[in-house]
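As structure tokens, the structure follows; a few thoughts come after it.
All chains are named by letter (A, B, ...) in the order of the sequence lines, taking the proteins before the strands, and each is independently numbered beginning at 1.
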Amino acid sequence: MLPTDSMDSGPSRRIAHLDMDAYFASVELLRYPELKGLPVVIGGRRSVPGEGFQRLRDYRGRGVVTTCTYPARAFGVRSGMGLMKAAALAPDAILLPGDYETYARVSRAFKAAVAEVAPAIEDRGIDEIYIDLTEVEGTSAELARRLKEAVKAATGLTCSVGITPNKLLSKIASEMQKPDGVTLLGLEDIPARVWPLPASAVNGIGPKAAAKLEALGIRTIGDLAAADPALLLQRFGQSYGAWLSDAAHGRDQRPLTIVREAKSMSRETTFDRDLHPREDRERLTAILLDLCGRLAQDLERKGLAARTVGIKLRFDDFSILSRDVTLGWAVASPDALRDAARDCLRRVTFDRRLRLLGVRAGSLVTPGTGGAPRPLF
DNA sequence: TCTGGGGTCCTAGGACCC
DNA sequence: TCTGGGGTCCTAGGACCC
């Protein structure tokens with residue numbers, strides 16, 4: 001047995017994961033302080049403006065809970081839950097439509113504040129980031145406090161921070177003391193603090209993998225660490241099987257991705273009611289044109305063009321179908337996106353009603369560089 | 001009363017080329 | 001006539017994440 005971990009885990013790092021608490025709901029509470037302490041749910045479509053706040057019980061139609069306050073969670077409401085089901089649990093909860101422009105603005109503000117403390121940041125979406133603290137002066141406890149203070153000063157919001165030697169453990173750690181928490185973990189804490197958690201607490205073990213593990217009698221991360229690696233390889237394949245073993249032992253050497261280029265952009269919409277491919281043809285055409293127009297705007301804003309265009313359909317039975325086409329050139333205009341999307345739609349046999357239509361731009365290039373044919377000389 | 005919208009990555013087969 | 005092995009690109013689907 002090797003006496004130290006430094007020989008097999010490489011140079012030791014200090015990585016933070018910072019996660020905003022009930023993010024969208026907390027931003028709304030800044031705007032409506034009178035809702036503090038009440039069950040509030042963010043979700044659904046923008047409703048007709050009326051008097052006062054809309055109650056969850058009055059909501060009609062499709063939609064899910066995007067996020068909710070902790071008092072709403074006390075009723076059993078969860079992200080991703082259908083709004084009708086949420087209304088049955090918490091009929092008096094306040095329902096607010098999402099205001100994504102504001103959430104994005106506040107997001108830029110908290111990330112800029114964190115960058116003042118530590119500049120090496122990996123963006124993980126609107127409400128969370130990884131931060132490399134390896135080269136930053138101070139104890140982990142001090143740095144956690146400074147990060148939280150910087151976020152609070154810039155936005156008025158609280159967050160939870162986990163600091164450990166890698167991204168995998170920090171992601172787990174930041175969940176441990178939510179909300180407004182700090183959790184510091186070393187490799188020596190793994191057996192006592194990480195192994196009792198359910199396997200699904202690992203980022204990358206979703207519902208399917210968790211169910212498959214459960215069928216093997218593997219429920220906790222500790223069970224996974226104790227499982228025969230050969231069995232995992234056999235049941236989950238070389239790549240994922242090996243990763244499962246590593247993850248259970250807290251082994252993770254992934255670097256932070258500081259700059260990331262967009263790989264694809266898409267727009268999709270779920271209809272108010274399922275649409276018939278022929279009887280509702282005009283309505284579907286109008287929706288397709290709208291999606292292409294919005295996607296073209298997104299591309300223009302980012303100065304990008306697509307060499308691949310695809311469509312996504314969700315049918316009334318929730319099955320999903322996609323088709324895409326790669327063009328010999330890059331496109332960005334609404335008309336070109338529409339023509340390519342129509343080519344894709346022609347390859348589909350429609351025998352069910354449609355629930356959702358989406359348009360996707362992939363193989364993105366910057367026009368004038370990657371989009372042009374390479375010169376011969 | 002079912003189940004949003006925006007992404008990434010992986011796998012796997014076939015076409016095509018060397 | 002049959003023997004190859006890579007490599008890349010494209011397409012479709014699926015798992016997972018925020």
Does a side-chain N-to-carboxylate-O contact under 4.0 Å join A:R55 and A:D58?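 Salt bridge absent between A:R55 and A:D58.
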Can A:E175 and A:K178 be counted as an ion pair, charged N to O under 4.0 angstrom?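 So A:E175 does not pair with A:K178 through a salt bridge.
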Using the test salt bridge (charged side-chain N to carboxylate O under 4.0 Å, His left out), find all partners of [X] that sit at least two apart in sequence or belong to another chain.
X: A:E300; result: none
X: A:D339; result: none
X: A:R342; result: none

For residues 78-93 of chain A, which side-chain N or O atoms pair as donor and acceptor with protein atoms under 3.5 Å away, sequence neighbours left out?
from	atom 1	to	atom 2	distance (Å)
A:R78	NH1	A:R73	O	3.0
A:S79	OG	A:T66	O	3.3
A:D92	OD1	A:R57	NH1	2.7
A:D92	OD1	A:R57	NH2	3.3

Of all of [range], which get a heavy atom below 4.0 angstrom from DNA chain B, listed by number?
range: residues 338-361 of chain A; answer: A:R355, A:L356
range: residues 212-223 of chain A; answer: none
range: residues 63-75 of chain A; answer: A:G63, A:V64

Do other residues, nucleotides or ligands put more than 12 heavy atoms under 6.0 Å from [X] [atom1]?
X: A:R278; atom1: CZ; result: no
X: A:R281; atom1: CZ; result: no
X: A:F75; atom1: CZ; result: no
X: A:E282; atom1: CD; result: no

DNA chain C: 5'-most and 3'-most nucleotides touching chain A, 4.0 angstrom heavy-atom criterion: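 Both ends considered, the range comes out as C:dC10 to C:dC18.
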At under 4.0 Å between heavy atoms, what does [X] touch on the DNA or RNA strands: base, sugar-phosphate, or nothing?
X: A:M81; value: nothing
X: A:F318; value: base
X: A:T308; value: nothing
X: A:A209; value: sugar-phosphate
X: A:R60; value: nothing
X: A:L83; value: nothing
X: A:S79; value: nothing

Pair assignment for DNA chain C - dot-bracket with | for other-strand partners, Watson-Crick or G-U under 3.5 Å: ....||||||||||||||
Please check this pair: side chain of A:R14 against backbone of A:V136, looking for a donor-acceptor N/O pair closer than 3.5 Å.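 Here the side-chain-to-backbone pair exists.
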Tell me if B:dC2 is syn or anti. Syn = glycosidic torsion within 90° of 0, anti otherwise.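 Classified syn.
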Can you list every ring-ring contact (aromatic ring centres under 6.0 Å, His included) pair that touches residues 98-131 of chain A, not counting sequence neighbours?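 Found A:H17-A:Y130, A:F24-A:Y100, A:F24-A:Y103, A:Y100-A:Y103.
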Please report the C-alpha distance between A:D21 and A:S26 in whole Å, then the side-chain angles of each, then the deciding distance to 0.1 Å, and finally whether the side chain to side chain donor-acceptor pair (under 3.5 Å) criterion is met. CA-CA 7 Å; A:D21 298 322; A:S26 301; over 6 Å; no
Any chance you could pull the hydrophobic cluster mates of A:F318, using side-chain heavy atoms under 4.5 angstrom and chaining through other members?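 None, because no other hydrophobic side chain comes under 4.5 Å of this residue.
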Residue mapping more 5' on DNA chain B - nearest nucleotide basis, A:D316 or A:R294: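 Whichever sits nearer the 5' end wins; that is A:D316.
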Find which nucleotide of DNA chain B each of A:T269 and A:S264 is nearest to by heavy atoms, and output the residue with the more 5' nucleotide.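 Checking each residue's closest nucleotide, the 5'-ward one belongs to A:T269.
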For residues 238-249 of chain A, tabulate all N or O donor-acceptor pairs below 3.5 Å that involve a side-chain atom, not counting sequence neighbours.
from	atom 1	to	atom 2	distance (Å)
A:Y240	OH	A:G204	O	2.8
A:D246	OD1	A:R251	NE	3.0
A:D246	OD1	A:R251	NH2	3.3
A:H249	ND1	A:S245	O	3.0

Whole-angstrom distance between C:dC18 and B:dT3, as gauged at atom P: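 My reading of the P atoms in C:dC18 and B:dT3 gives 23 Å.
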With side-chain contact (heavy atoms from CB on, under 4.5 Å) as the test, pick out the partner of A:D132 among A:I121, A:I15, A:I258.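 Exactly one pass, corresponding to A:I15.
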